There are 2 protein chains.
Amino acid sequence: MAKNCNFIEKLRELGLRPTKQRVKMCELLFNREKTFHFTINDLVKMISEEMNEKISLATVYNTVHAFEKKGYLKEISINSDKSYFDTNTSVHHHFYDEDTNELIDCDENDIDPVNIKKSITGKKINSVEVLVKVASDNQNQKKFN
Amino acid sequence: MAKNCNFIEKLRELGLRPTKQRVKMCELLFNREKTFHFTINDLVKMISEEMNEKISLATVYNTVHAFEKKGYLKEISINSDKSYFDTNTSVHHHFYDEDTNELIDCDENDIDPVNIKKSITGKKINSVEVLVKVASDNQNQKKFN
DNA sequence: CAACAGTTTAGAATTATTATAATGTAGATT
DNA sequence: AATCTACATTATAATAATTCTAAACTGTTG
Ligand SMILES: [Mn+2]
Ligand SMILES: [Mn+2]
Ligand SMILES: [Zn+2]
Ligand SMILES: [Zn+2]
């Protein structure tokens with residue numbers, strides 16, 4: 001979705017009624033320079049911090065899934081217990097910081113194209129994504145206790 | 001863990017008591033030619049099919065996590081709702097069949113080494129893994145109903 | 001064969017997510 | 001503007017995966 005804008009129009013074009021909950025969530029998610037990653041919980045927290053009225057959890061789930069279905073959010077699985085969503089819906093690679101549980105996008109220059117030599121008959125490739133797990137480099141971490 | 005064997009010894013070496021539940025799970029998981037992928041539910045089903053006595057769900061979780069901690073299983077996150085485990089604990093790439101929810105291992109010949117040009121200061125790379133999502137190639141699938 | 005520490009177990013608790021069903025409302029129709 | 005209606009929101013209950021708890025049990029050590 002575009003920056004800086006009339007989300008009411010955009011939502012209508014998508015066939016989604018521009019209710020105040022959806023508009024608010026659009027503003028939080030898409031009205032910014034950079035794409036970002038969030039969990040449902042992050043989003044609920046963002047909403048309650050930046051709003052007087054609350055949006056019910058069910059609506060947050062419904063709306064996130066509606067935006068996902070329309071292709072404006074994508075789901076990312078890193079660890080089993082939590083689901084991340086990404087406002088960057090392109091096929092792209094990630095660094096995952098295991099210390100902070102933070103996801104970091106790569107751009108095309110960060111990782112060379114992946115050369116796949118295997119193919120499965122009757123199946124087409126939908127996406128190829130790399131996950132680079134990183135962690136703090138304290139090799140000589142000592143514990144004193 | 002090795003094939004075909006005295007798991008009692010192996011478990012003892014790991015500092016895990018060789019209880020009958022653990023030995024049974026070792027046999028199911030590690031006493032085979034090829035590595036494989038499973039969910040906790042798969043495993044519970046396997047156990048109840050191949051045993052007269054049941055192993056409680058809590059013990060299955062405990063034991064899987066114990067084996068994971070010792071480095072004999074690794075957890076793989078593909079979609080948010082279910083956790084896969086892999087008896088292949090090496091860093092390796094996967095194909096994921098979105099039609100059947102099946103995970104397929106790649107070997108070194110299937111995908112060329114990934115060239116990472118980005119680095120994050122103070123962080124070391126723990127793993128680099130590629131996930132290739134595939135699906136059925138019926139581009140002109142028509143629905144009649 | 002005690003004694004103890006580690007282990008299993010059933011069941012309760014937690015957490016993430018989805019379903020339900022009553023209520024509310026945006027936008028169209030009068 | 002009042003009414004209508006399909007779609008949305010909401011609180012709440014239901015599910016599902018996973019973890020916790022605390023009592024019963026068992027392998028190992030002496
Ligand atoms: Mn989803
Ligand atoms: Mn785990
Ligand atoms: Zn991303
Ligand atoms: Zn694998």
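These numbers come from a predicted model, not from an experiment. Just so it is clear: chains get the letters A, B, ... in the order the sequence lines come, proteins before strands, and each one is counted from 1. These numbers come from the heavy atoms of this one structure, side chains and all, not from hydrogens, waters or symmetry mates.
Minimum atom distance to the side chain of A:Asn62 is reached by D:dT9, of the listed C:dG11, C:dT17, D:dT9. Closest approach to the A:Ala58 side chain among C:dT7, D:dA11, C:dG27 is made by D:dA11 (side chain taken as heavy atoms from C-beta onward). Taking every side-chain heavy atom of A:Leu57 into account, C:dT17 is the closest of D:dA17, C:dA19, C:dT17. For B:Arg17, whose side chain is taken as the heavy atoms from C-beta onward, the closest listed nucleotide among D:dA8, C:dG6, C:dA19 is C:dG6. For A:Asn41, taking side-chain heavy atoms from C-beta onward, the closest of the listed nucleotides D:dT10, C:dA16, D:dA8 is C:dA16. In this structure, of C:dT18, D:dA17, D:dT9, it is D:dT9 that holds the atom nearest to the side chain of A:Thr63.
With hydrogens and angles left out, the side-chain atoms of A:Asp86 and A:His94 include a donor and acceptor closer than 3.5 Å. Side-chain N/O atoms of A:Asn41 and A:Thr39 include no donor and acceptor closer than 3.5 Å.
Per the geometry, NZ belonging to B:Lys69 stands 11 Å off P belonging to D:dT19, to the nearest Å. Spacing between atom CZ of B:Phe85 and atom P of D:dA17 amounts to 13 Å, rounded to whole angstrom units. Straight-line distance from the CG atom of B:Asp42 to the C1' atom of D:dA17: 14 Å, rounded to whole Å. Rounded to whole angstrom, the span from the NZ atom of B:Lys70 across to the P atom of C:dG6 amounts to 12 Å. Atoms NZ (A:Lys24) and P (D:dT10) sit 14 Å apart, rounded to a whole Å. Atom C1' of nucleotide C:dT17 and atom CG of A:Leu43 are separated by 15 Å, given to the nearest angstrom. In this structure, A:Glu9 places its CD atom 14 Å from C1' of C:dA26, rounding to the nearest Å. The CD1-P distance, from A:Ile8 to C:dA26, rounds to 10 Å in whole Å.
Annotation: cation-pi geometry satisfied between A:Lys118 and B:Phe95 (NZ/CZ under 6.0 angstrom from ring centroid, within 45° of ring axis). Note that B:Arg32 lies in the cation-pi zone of B:Phe36, set by a 6.0 Å cut-off to the ring centre and a 45° limit from the axis.
Under 4.0 angstrom from either OP1 or OP2 of D:dT10 there lies at least one side-chain N or O belonging to A:Gln21. Neither OP1 nor OP2 of C:dA26 sits under 4.0 Å from any side-chain N or O of A:Arg12. At D:dT19, one or more side-chain N or O atoms of B:His65 fall inside 4.0 Å of OP1 or OP2 (strictly under the cut-off). Distances shorter than 4.0 Å separate some side-chain N or O of B:Thr19 from OP1 or OP2 on C:dT8. Phosphate proximity of C:dT17 to A:Tyr61: present, with a side-chain N or O under 4.0 Å from OP1 or OP2. Residue A:Ser56 places at least one side-chain N or O closer than 4.0 Å to OP1 or OP2 of D:dT10. Under 4.0 angstrom from either OP1 or OP2 of C:dT8 there lies at least one side-chain N or O belonging to B:Arg22.
Among the atoms of the strands shown, only primed sugar atoms or phosphate atoms (P, OP1, OP2) are found under 4.0 Å from some heavy atom of B:Ile55. Using a 4.0 Å heavy-atom distance criterion, A:Lys20 is classed as making no nucleic acid contact.
Only one option out of A:Glu68, A:His92, A:His37 pairs with A:Lys74 in a side chain to side chain contact (heavy atoms under 4.5 Å, CB included); it is A:His92. Partner of A:Phe67 under the ring-ring contact (aromatic ring centres under 6.0 Å, His included) criterion, chosen from A:Phe7, A:Phe30, A:Tyr72: A:Phe30.
If you find the closest nucleotide of DNA chain D to B:Ile40 and to B:Pro18, the one lying nearer the 5' end belongs to B:Ile40.
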